[in-house]
Every structure is written in C-alpha cells, then in structure tokens.
> 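This is the structure I want to talk about, given as structure tokens.
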Amino acid sequence: MSYTNQKIGVLGGGQLGKMLGQSASMMGLQMHVLDTDKSFPAAASCMSFTEGSFKDYDAIMAFAADKDIITVEIELVNTDALHDLEKQGKQVYPQPHLLDMIKDKGLQKQFYQERSLVTSDFVLVNDAAQIKQWVLDGKLSVPFVQKARTDGYDGRGVHIVRHITDLQNLLDVKSVIEPLVDIDREIAVIVARNPQGDISSFPVVDMEFHPTANLVEYLFSPSRVNEEVQEQAIKLAESIAKEMKIVGLLAVELFLTKDNELLINEVAPRPHNSGHHTIEANITSQYEQHLRAICGMPLGDTALTQPAVMVNLLGAAGYTGEAHYENIDQCLATSGAHIHLYGKSITKPYRKMGHATIVDQDLDTAIEKATFVKDTLKIISKN
Ligand code: ADP
C-alpha cells in the first residue's frame with residue numbers, strides 16, 4: 001500500500017491537529033480528525049472532521065473503523081479503545097501502553113527511575129491528607145512540588161508548596177511529590193522514531209514560561225546552553241525514545257539545574273508547543289516528522305536553517321468572548337514574523353489563540369521582534 005492510500009485518523013482537533021493537517025496536505029496524505037466540535041482548529045486543515053469525543057470508547061471505535069493508522073494530538077484519550085484497535089491489527093501510534101504510562105506522572109517517574117534515566121527524586125501520595133500528615137511527621141519538608149498524577153496540563157495540576165501556608169491549597173488527588181528544583185533553564189528536545197527503529201532529534205530549544213499562566217511564553221532556537229549540555233540532552237531524550245520503542249514524536253522537557261545537572265521533567269508523545277518554530281526554522285517540521293514516523297517513512301533532516309523565537313499568543317486577561325486581534329497589522333509588517341492564528345472564535349484569559357515565529361539571522365534581533373509582537377498584538381473581546 002502506498003503512503004497516500006492510507007487513511008490516518010487523529011484523535012484531537014486543536015491547533016496541533018491543525019498544523020499536522022497542514023503537513024499532511026502538503027505530503028498528499030489523507031488525514032481525518034475526531035473531536036467534539038466542527039468549529040475546532042483542525043477542521044480547517046483535515047480531509048474530514050467527525051464530531052465525537054476522544055474520551056468515548058464507542059466514538060473512537062466507530063471513527064477508527066475505516067482508518068489504517070491512528071494517532072493523537074492530546075494524551076487524554078480513551079486508551080481502552082486504542083488497545084482494542086491495536087489488537088484488531090490497526091497501527092496505533094504512539095502505542096497505547098505508552099500513552100497509559102505517560103498520562104500518569106507517577107508511572108512516568110517510575111519508568112525513568114527503573115532505567116536510571118535521571119529525573120528528580122519523588123514519592124507517590126494518595127491525597128492532601130497524607131501530604132499534611134507526612135509534613136506533621138517530619139517525613140516531608142517544604143519546599144516541594146505537588147503534581148496531580150493524571151489530567152494535568154499547561155501547569156494545571158502543578159502546585160508549588162514554598163511555605164507551610166501553601167499546604168492549604170494542596171490538590172486533593174493522587175500525586176507525585178518532588179523536591180523544588182533550583183532551575184537555571186528549561187529546555188526541550190523533540191525526538192522522532194519510526195517503526196523501523198530509526199531515530200532523529202531536533203536541536204535543543206530553550207523555553208521560558210509565563211509567570212502566571214504557567215505556559216511556555218517564549219521559545220528560543222538555537223538553545224543558548226553550552227554544546228556539551230545540548231549533546232547530553234539529546235542523548236538522554238534519545239535513550240528515552242529507544243527504551244520506550246515509541247513510534248512517532250516524543251517531546252522531552254528537561255530542567256538544567258543551577259548545578260549544571262540535567263533532569264528529565266516530563267515527556268509528551270506527540271507534536272509539542274516547543275516545536276512550533278520548526279515549521280519555518282528547520283528543514284523538516286515536527287508535524288511532517290510525526291507523519292513520516294507513524295507512516296514508516298524515512299525521517300526528515302531536522303537541522304535548523306535559521307535562528308527563531310516562538311511566542312505563544314494568549315488571550316488577554318480580563319476578556320472572554322468573540323476574539324478580536326488588535327494591532328495585528330504592525331505585527332504582520334514585522335519582517336521575519338510568521339503569525340499563526342488558530343481560528344478559535346472565543347478568547348479567554350491566557351487561552352492559546354495562536355503563536356508567532358520570528359526568524360532572523362541574529363537571535364537577539366529575533367528576540368526583540370518577538371517581544372514587540374507579544375506586547376503589541378492584543379487578543380480581546382469587544383463584548
Ligand atoms: P505540566 O504537565 O502542567 O506542563 P510540568 O511538570 O511541566 O507540568 O510543570 C510545569 C512547570 O512547573 C514546569 O515547567 C516548571 O517551570 C515548574 N516545575 C515543575 N516541577 C518542578 C520542580 N520539581 N521544581 C521546580 N519547578 C518545577
């Protein structure tokens with residue numbers, strides 16, 4: 001069967017699905033999407049959009065019936081359906097057992113620990129009461145970080161306990177407890193692996209987080225950490241992909257500590273926010289690479305063609321309603337700025353409404369332009 005005859009089904013119709021669809025269309029691949037509402041971003045770029053929930057077993061089974069390859073743009077999907085589809089002989093990438101493990105931050109941490117892949121120490125707890133008891137008993141001391149084992153994303157589900165008073169706001173769920181790491185820089189590596197076992201990584205990027213929204217605000221490529229650390233980060237990311245035998249992309253987020261130690265924070269088995277810039281700044285984009293990997297094609301060249309800064313375009317605080325993009329012309333007039341709007345009709349505070357990638361031969365100039373775009377483009381509602 002030729003690549004172009006296969007039907008690819010994607011669970012999730014957000015912006016990652018939209019950009020995946022743009023690559024699929026370029027490559028002549030047939031991509032179809034399942035998500036709850038036809039107004040979602042990916043509807044604009046796929047061959048067909050089926051309305052239904054990717055959390056619903058029956059909806060996934062019906063959607064997948066005529067597809068050859070199933071993939072995801074979000075982890076929080078019903079994996080019972082994916083296991084059954086795999087048993088039926090469908091190609092399901094990333095593999096369902098990996099999704100089960102990655103979705104649970106506790107299992108993810110155990111995976112690293114069992115293989116001596118460096119991550120911060122951790123303990124698993126059942127609820128808020130147990131955490132408080134451990135603090136009272138002296139088994140646990142502040143500061144520490146509480147992470148919900150499941151259902152957290154974009155910083156939701158992460159609670160930093162710096163002082164005893166922060167214990168009041170503990171999440172009352174099964175959690176991972178980690179030491180508060182003295183982070184110098186947060187970096188990411190996206191690795192791709194195809195079914196033949198070929199592996200290829202994108203160059204390391206630096207991430208900077210929004211102070212209140214806990215989302216990636218800026219991304220810098222190339223990374224400014226020293227070459228040796230970058231090589232180590234790529235090696236570490238590739239070891240995880242090899243150990244998992246994952247097919248598709250694996251985005252690996254790492255902390256570089258003030259003591260120059262690299263620690264794995266977490267992974268995502270899909271295209272990732274830290275790879276948006278690859279559309280304009282690398283020979284192959286992460287979206288094309290994911291499709292190449294899941295279709296069993298040769299992997300593409302990941303080299304950076306020019307420095308880039310990516311900035312997420314978030315809904316302004318205080319506005320909920322139909323989205324308006326103020327001052328967009330000044331941003332479009334900025335040379336090297338590629339403005340991506342996801343086509344979400346409603347803006348909400350800190351909602352990811354789009355991103356801009358600014359390419360420039362000089363990274364510092366790209367940073368200046370990205371700051372201009374971020375400060376100038378206001379996403380608000382008028383009602
Ligand atoms: P999410 O799945 O919501 O992205 P993360 O585990 O990546 O959650 O945590 C979100 C952010 O919280 C990280 O990018 C980092 O800035 C901060 N953080 C997470 N764990 C720690 C830690 N152990 N020490 C210090 N900061 C942390």
> Linking I/L/V/M/F/W/Y whenever their side-chain heavy atoms sit closer than 4.5 Å, directly or via other members, would Leu99 and Leu250 fall into one cluster?
no
> Tell me whether the count of non-hydrogen atoms from other residues, nucleotides or ligands lying under 6.0 Å of NZ in Lys374 goes above 12.
yes
> Side chains of Gln286 and Pro271, heavy atoms from C-beta outward: is any pair under 4.5 Å?
yes
> With a 4.0 Å cut-off, would you call Asp184 and Lys258 a salt bridge?
no
> Given the rule in the side-chain contact (heavy atoms from CB on, under 4.5 Å) test, do Val77 and Lys55 qualify, once you have shown the distances and angles that lead to the verdict?
CA-CA 5 Å; Val77 298; Lys55 296 191 176 172; over 6 Å; no
> Is His355 reaching over with its side chain to a backbone N or O of His338, donor-acceptor style, under 3.5 angstrom?
no
> Between Val145 and Ile177, does the side-chain contact (heavy atoms from CB on, under 4.5 Å) criterion hold? Intermediate values first, please.
CA-CA 6 Å; Val145 179; Ile177 304 289; over 6 Å; no
> Decide whether Tyr350 and Leu377 are clustered together by the hydrophobic rule: side chain heavy atoms of Ile, Leu, Val, Met, Phe, Trp, Tyr closer than 4.5 Å, transitively.
no
> Is there side-chain contact between Ile183 and Leu256, with at least one heavy-atom pair below 4.5 Å?
no
> What's the shortest heavy-atom distance between Gln146 and Leu171, and which atoms?
NE2-O, 2.7 Å
> Verify, without hydrogens or angle tests, whether Lys90 (side chain) and Ala64 (backbone) share a donor-acceptor contact under 3.5 angstrom.
yes
> Hey, does Leu180 have a side-chain heavy atom less than 4.5 Å from the side chain of Arg162?
yes
> Is the shortest distance from a Lys or Arg side-chain nitrogen in Lys7 or Asp66 to a carboxylate oxygen in the other one below 4.0 Å?
yes
> Is the number of heavy atoms from other residues, nucleotides or ligands under 6.0 Å of Lys348 NZ greater than 12?
no
> Calculate, to the nearest 0.5 Å, the distance between atoms CD1 and CG belonging to Ile234 and Leu254 respectively.
10.5 Å
> Tell me the closest heavy-atom pair linking Val267 and Gln108, and the distance in Å.
N-OE1, 3.1 Å
> If we ignore angles and hydrogens, is there a donor and acceptor under 3.5 Å between the side chains of His290 and Thr71?
yes
> Assess the residue pair Ile379 and Leu313 against the criterion (side-chain contact (heavy atoms from CB on, under 4.5 Å)); give the C-alpha distance rounded to whole Å, side-chain angles, the decisive distance to 0.1 Å, and a yes or no.
CA-CA 8 Å; Ile379 307 174; Leu313 302 174; 3.9 Å; yes
> Would you confirm whether Gln133, through its side chain, and Ala129, through its main-chain N or O, come within 3.5 Å as a donor-acceptor pair?
no
> Within the structure provided, determine whether Leu16 and Ile74 are in side-chain contact (heavy-atom separation under 4.5 Å).
no
> Looking at every non-hydrogen atom in both residues, tell me the closest pair between Val135 and Leu167 and how far apart they are.
CG1-CD1, 4.1 Å
> Would you find a donor on one side and an acceptor on the other, under 3.5 Å apart, between the side chain of Arg193 and the backbone of Lys245?
yes
> Are Lys369 and Ser335 close enough that a side-chain donor and a side-chain acceptor fall under 3.5 Å?
yes
> Between Glu322 and Lys382, does any NZ, NE, NH1 or NH2 come within less than 4.0 Å of an OD or OE carboxylate oxygen?
no
> Under a 3.5 Å cutoff, is there a donor and acceptor pairing between the side chains of Ser223 and Asp206?
yes
> Say whether Tyr93 and Leu29 are linked into one hydrophobic cluster, either directly or through other cluster members, by side-chain heavy-atom distances under 4.5 angstrom.
yes
> Within 45° of the six-membered ring axis of Phe220 and under 6.0 Å from that ring's centre, is NZ or CZ of Arg224 located there?
yes
> Check whether any side-chain N or O of Asp56 sits under 3.5 Å from a backbone N or O of Ser53 as a donor-acceptor pair, and report yes or no.
no
> Is the backbone of Phe372 close enough, under 3.5 Å, to the side chain of Thr376 for a donor and an acceptor to pair up by distance?
yes
> Going by heavy atoms in the side chains, are Gln15 and Lys352 under 4.5 Å from each other?
yes
> Under 4.0 Å between a Lys/Arg side-chain N and an Asp/Glu carboxylate O for Glu243 and Arg115?
yes
> Hey, could you give me the CZ/OG distance between Phe122 and Ser175, rounded to the nearest 0.5 Å?
13.0 Å
> Could you tell me whether the side chains of His163 and Thr165 share a donor-acceptor contact shorter than 3.5 Å?
no
> Is there a side-chain contact between Tyr3 and Met27 in this structure, where contact means two heavy atoms from C-beta onward sitting under 4.5 Å apart?
no
> Quick check with a 6.0 Å cut-off and a 45 degree axis cone: is Lys67 positioned over the face of Phe63's six-membered ring?
yes
> Would you say Val176 and Val252 are hydrophobically clustered, going by side-chain heavy atoms of ILVMFWY under 4.5 Å?
no
> Say you draw a straight line from OG1 of Thr347 to OH of Tyr319; how long is it, rounded to the nearest 0.5 Å?
10.5 Å
> For the residue pair Tyr287 and Thr278, confirm or rule out a side-chain donor-acceptor distance under 3.5 Å.
no
> Show every donor-acceptor pair shorter than 3.5 Å between a side-chain atom in residues 296-309 and any protein atom, with sequence neighbours excluded, or say none if there are none.
| unit_1 | atom_1 | unit_2 | atom_2 | d |
| --- | --- | --- | --- | --- |
| Asp301 | OD1 | Ala303 | N | 2.9 |
| Thr302 | OG1 | Ser201 | O | 2.8 |
| Thr305 | OG1 | Ala281 | O | 3.0 |

> Do the side chain of Ser285 and the main chain of Glu288 share a donor and acceptor less than 3.5 angstrom apart?
yes
> Begin from the C-alpha positions of Ile164 and Val142 and carry the test side-chain contact (heavy atoms from CB on, under 4.5 Å) through to its verdict.
CA-CA 7 Å; Ile164 290 291; Val142 291; 4.2 Å; yes
> Val225 and Ile367: same hydrophobic cluster, using ILVMFWY side-chain contacts below 4.5 Å?
no
> Roughly how far, to the nearest 0.5 Å, is NE2 of His97 from CG of Leu107?
12.0 Å
> How far does CD1 of Ile279 sit from OG of Ser23, to the nearest 0.5 angstrom?
6.5 Å
> Any side-chain heavy atom of Met31 within less than 4.5 Å of one from Val33?
yes
> Supply the atom-to-atom distance Asp375 CG to Asn327 CG, rounded to the nearest 0.5 angstrom.
11.0 Å
> Treating Asp360 as the side-chain partner and Leu363 as the backbone partner, does any N or O pair qualify as donor plus acceptor under 3.5 Å?
no
> So, do Ile102 and Pro94 sit near enough that their side-chain heavy atoms are less than 4.5 Å apart?
no
> Where the side chain of Lys109 meets the backbone of Asn265, is there a donor-acceptor pair that is under 3.5 Å apart?
no
> Nearest heavy-atom pair of Ala356 and Ile339: which atoms, and what distance?
CB-CD1, 4.0 Å
> Of the non-hydrogen atoms in Met19 and His276, which two are nearest, and what is the gap between them?
CE-CE1, 3.6 Å
> Counting N and O atoms only, with roles assigned by atom type, does the side chain of Thr257 sit under 3.5 Å from a partner on the main chain of Glu261, one being a donor and the other an acceptor?
yes
> Kindly give the heavy-atom pair with the smallest separation between Glu75 and Lys103, and that separation in Å.
O-CD, 3.1 Å
